[in-house]
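All remarks here apply to the structure that follows.
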Amino acid sequence: VQLQASGGGLVQSGGSLRLSCAASGRTFSQYGMGWFRQAPGKEREFVAVISWNGGLTYYADSAKGRFAISRDNAKNTVYLQMNSLKPEDTAVYYCAATSGYSSSPRLYNYWGQGTLVTVSS
């Protein structure tokens, strides 16, 4: 599976962005999909995950109530809607695919290239 993330950009605090991750390959619907982020000087951290059929979702505490992960298996795409953005959300955001359903980056087999989100105060 090859992943291509897009939708990042510069937004003011309190604003919204929607990230997209387009996948190639016919097996996209078999994978759980996650979003992770990495801020400068920090380790990569989990943001959200969605199960293969969209029936299960799980969020990091920092994302709960503000972010929403969704997927469209017909379009081989997973989304991350981000609302009420804060400067501390500034990071490179990565989408990734796992054969299961996990918040651990070690269990993800495929990674996109990342898209930069910058939130100004």
Side-chain angles (χ1 to χ4, degrees):
V1 176
Q2 291 185 322
L3 304 173
Q4 179 76 35
S6 62
L10 174 64
V11 63
Q12 289 188 335
S13 181
S16 298
L17 280 176
R18 189 176 81 155
L19 306 183
S20 299
C21 176
S24 63
R26 294 175 290 178
T27 59
F28 172 76
S29 62
Q30 298 177 12
Y31 290 93
M33 296 297 298
W35 285 97
F36 295 80
R37 67 187 184 185
Q38 187 166 17
K42 296 187 177 181
E43 293 186 354
R44 190 170 298 188
E45 65 175 5
F46 167 76
V47 176
V49 59
I50 188 167
S51 61
W52 66 275
N53 64 351
L56 295 173
T57 59
Y58 179 70
Y59 298 91
D61 287 345
S62 59
K64 287 178 182 176
R66 299 189 301 127
F67 295 2
I69 188 171
S70 61
R71 68 188 297 162
D72 185 338
N73 285 346
K75 296 182 178 179
N76 280 10
T77 302
V78 62
Y79 305 98
L80 185 68
Q81 177 67 44
M82 302 187 296
N83 300 324
S84 302
L85 283 162
K86 306 174 183 179
E88 50 263 44
D89 294 317
T90 295
V92 176
Y93 284 72
Y94 298 88
C95 59
T98 177
S99 57
Y101 175 76
S102 175
S103 61
S104 172
R106 291 174 293 180
L107 297 182
Y108 284 74
N109 309 98
Y110 305 98
W111 291 83
Q113 87 290 358
T115 185
L116 177 62
V117 172
T118 303
V119 184
S120 63
S121 57

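What you see is a predicted model, and the numbers here were worked out from it, not measured in a lab.
- Under the 4.0 Å criterion applied to side-chain N and carboxylate O atoms, Lys86 and Asp89 are not assigned as salt-bridge partners.
- Cluster partners of Val1, by chain and number: Leu3, Val11, Leu17, Leu19, Phe28, Tyr31, Met33, Trp35, Val47, Ile50, Tyr59, Phe67, Ile69, Val78, Leu80, Met82, Leu85, Tyr93, Tyr110, Val117, Val119. The rule joins Ile, Leu, Val, Met, Phe, Trp and Tyr whenever side-chain heavy atoms lie under 4.5 Å apart.
- Taking CG of Asn53 as the reference point, atom CD of Gln30 lies at 12.5 Å (rounded to 0.5 Å).
- Although no hydrogens or angles enter the test, the distance criterion places a donor-acceptor pair under 3.5 Å between the side chain of Thr98 and the main chain of Leu107.
- The backbone N or O of Gly8 lies less than 3.5 Å from a partner atom in the side chain of Thr115, making a donor-acceptor pair.
- Listed here is the closest heavy atom pair of Gly34 and Tyr108: N-CE2, 3.6 Å.
- No donor-acceptor pair closer than 3.5 Å links the side chain of Thr90 to the backbone N or O of Glu88.
- For the pair Arg44 and Phe36, the cation-pi test (distance below 6.0 Å, angle within 45°) is failed.
- Considering all non-hydrogen atoms of both residues, Ala91 and Arg37 come closest at CB-CB, 3.8 Å.
- The cluster map of Ile, Leu, Val, Met, Phe, Trp and Tyr, joined by side-chain heavy atoms under 4.5 Å apart, puts Tyr94 and Tyr58 in the same cluster.
- When all heavy atoms are compared, the tightest approach of Ser20 to Thr77 is CB-CG2, 4.3 Å.
- Atom OG of Ser29 and atom CH2 of Trp52 lie 7.5 Å apart (nearest 0.5 Å).
- The two residues Gly114 and Val92 make their nearest non-hydrogen contact at CA-CG1, 3.8 Å.
- Considering CD of Gln4 and CG of Asn76, their distance stands at 13.5 Å, rounded to 0.5 Å.
- Taking CD of Gln113 as the reference point, atom SG of Cys21 lies at 8.0 Å (rounded to 0.5 Å).
- Judged as a side-chain contact (heavy atoms from CB on, under 4.5 Å), and not counting sequence neighbours, the contacts of Ser24 are Gln2.
- With hydrogens and angles disregarded, a donor-acceptor distance shorter than 3.5 Å links the side chain of Arg66 to the backbone of Ser84.
- In plain terms, the two heavy atoms of Asn83 and Ser16 that are nearest each other are OD1-OG, 2.9 Å.
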